[in-house]
Amino acid sequence: MAISKENTRPESMVRITTPELAQAFIDEQIEAVRSQVGDGKVLLALSGGVDSSVCAALISKAIGRNLICVHVNHGLLRKGEPEQVCEVFGKEFDAELIYVDAVDRFLDKLAGVDEPERKRKIIGAEFIDVFAEEAKKLEGVEFLGQGTIYPDILESDGVKAHHNVGGLPEDLNFQLVEPVKFLYKDEVRVVGKQLGLPDNMVYRQPFPGPGLGVRCVGAITRDRLEALREADAIVREEIGKMEQVPWQYFCAIPDFQSTGIKDGKRYMGWAVVIRAVNTVDAVTASVPEIPFEMLCRMRDRIIETVPGVNRVLWDISEKPVATIEWE
Ligand code: XMP
């Protein structure tokens, strides 16, 4: 499908590779947002991912508290993420932040659902419902900020679009504000850094929209989800120390138990899976070497500190034939 002229990156646009170029881009976009929005209010769904965070930071520099960010905690975020979004956007940037604790709502809807695409649809649809409910409570909002980036436009039938569902209900009739829509991912990161966002936000690895929901294999239970979140934090911390950090690295937790032994007694526990991959386009993926010492350290930390887990596995499957995510 051909891309419309207004969605085509201007040929004259230089690639943003330095802080100076990033600053020039920021100044230009601040002016552009101000002239588009005037005194109007902009609503933005802030996940904490690099695209929505950079978009939010830019719009907040332009219009301050006329930017209203909504952060929906659906219970499937990684350890520390909701807290970081609230810290950065509630305190360091001058934006209005609405934090919605929707954990019970999502987990109740997902209870007993084990089919991956059905889980994705429930998470996507519920997210839109929660966001739309928040939007309807607000008055005088005409604009919707979106962290669309150029690959989203170019690959509108790519992997991400294939997995993601939904859109906003039509009765929410917003004009879009998309200040980073002509940027490639590496440029978004340079701009984010220049805007003063923390490194672990700017250099974040890709994280699927349905979050830990597709890594807590089968029907999600709260205790297994919690074990996944804790083990995942350990794996991200340890693998994050590698000199060449893999493209994506995380944990999954299958929905079966196996035998363990503690104090001479046998018991059933979960197995946690370490997954790390390198890829260019997520269509194929290879598995980087992880030092054995690091694997053992992750194993020990997980077994010692994560309740219910008695086994740690390393997934060395490549894509194809395995997908990157477990679901
Ligand atoms: P797979 O598992 O298909 O993943 O090899 C390829 C890339 O896509 C990400 N992924 C998703 N991203 N919503 C997203 O936004 C999703 O439902 C989804 N499922 C997979 C995955 O993390 C990997 O980077």
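Whatever order the structure lists ligands and atoms in, that order sets their numbers, starting from 1.
- Contacts with ligand 1 closer than 4.0 Å are made by side-chain heavy atoms of Trp247 only, the backbone lying farther away.
- Tyr249 and Val217 fall into different hydrophobic clusters, where Ile, Leu, Val, Met, Phe, Trp and Tyr residues are linked whenever their side-chain heavy atoms come under 4.5 Å apart, directly or through other members.
- Inclusion of Phe207 in the set of residues having an N or O under 3.5 Å from an N or O of ligand 1 is not warranted.
- Tested against Glu226 for a salt bridge (charged side-chain N to carboxylate O under 4.0 Å, His left out), the candidates Arg222, Arg229, Arg224 yield a single pass: Arg229.
- Between Glu133 and Arg105 there is a salt bridge, since a side-chain N of the basic residue sits under 4.0 Å from a carboxylate O of the acidic one.
- Polar contact with ligand 1: present for Ile324 (N/O pair, distance under 3.5 Å).
- For the pair Asp51 and Lys181, the salt-bridge criterion is not met [side-chain N within less than 4.0 Å of a carboxylate O].
- Close contacts between ligand 1 and Pro210 involve ligand atoms 13 (N), 16 (C), 17 (O) [criterion: under 4.0 Å to a heavy atom].
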Side-chain donor-acceptor pairs of residues 88-101 under 3.5 Å, sequence neighbours excluded:
| residue | atom | partner | partner atom | Å |
| --- | --- | --- | --- | --- |
| Lys91 | NZ | Glu87 | OE1 | 3.2 |
| Asp94 | OD1 | Arg65 | NH1 | 3.3 |
| Tyr99 | OH | Asn73 | ND2 | 2.9 |
| Asp101 | OD1 | Val103 | N | 3.1 |

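- At a heavy-atom cutoff of 4.0 Å, ligand 1 is contacted by both the backbone and the side chain of Pro208.
- The distance from ligand 1 to the heavy atoms of Thr323 drops below 4.0 Å at these ligand atoms: 1 (P), 2 (O), 5 (O).
- In terms of polar-atom proximity, defined here as any N/O pair under 3.5 Å, Lys319 does make such a contact with ligand 1.
- In the hydrophobic clustering (ILVMFWY side chains linked at under 4.5 Å, chained through shared members), Trp247 is joined by Phe250, Val277, Ile324.
- The N/O atoms of Arg120, backbone and side chain alike, include one that comes under 3.5 Å of an N/O atom in ligand 1.
- We find that Glu134 and Lys137 are joined by a salt bridge, their nearest charged nitrogen and carboxylate oxygen being less than 4.0 Å apart.
- Atoms of ligand 1 found under 4.0 Å from any heavy atom of Gly209 (numbered from 1 in listed order, with element): 13 (N), 14 (C), 15 (O).
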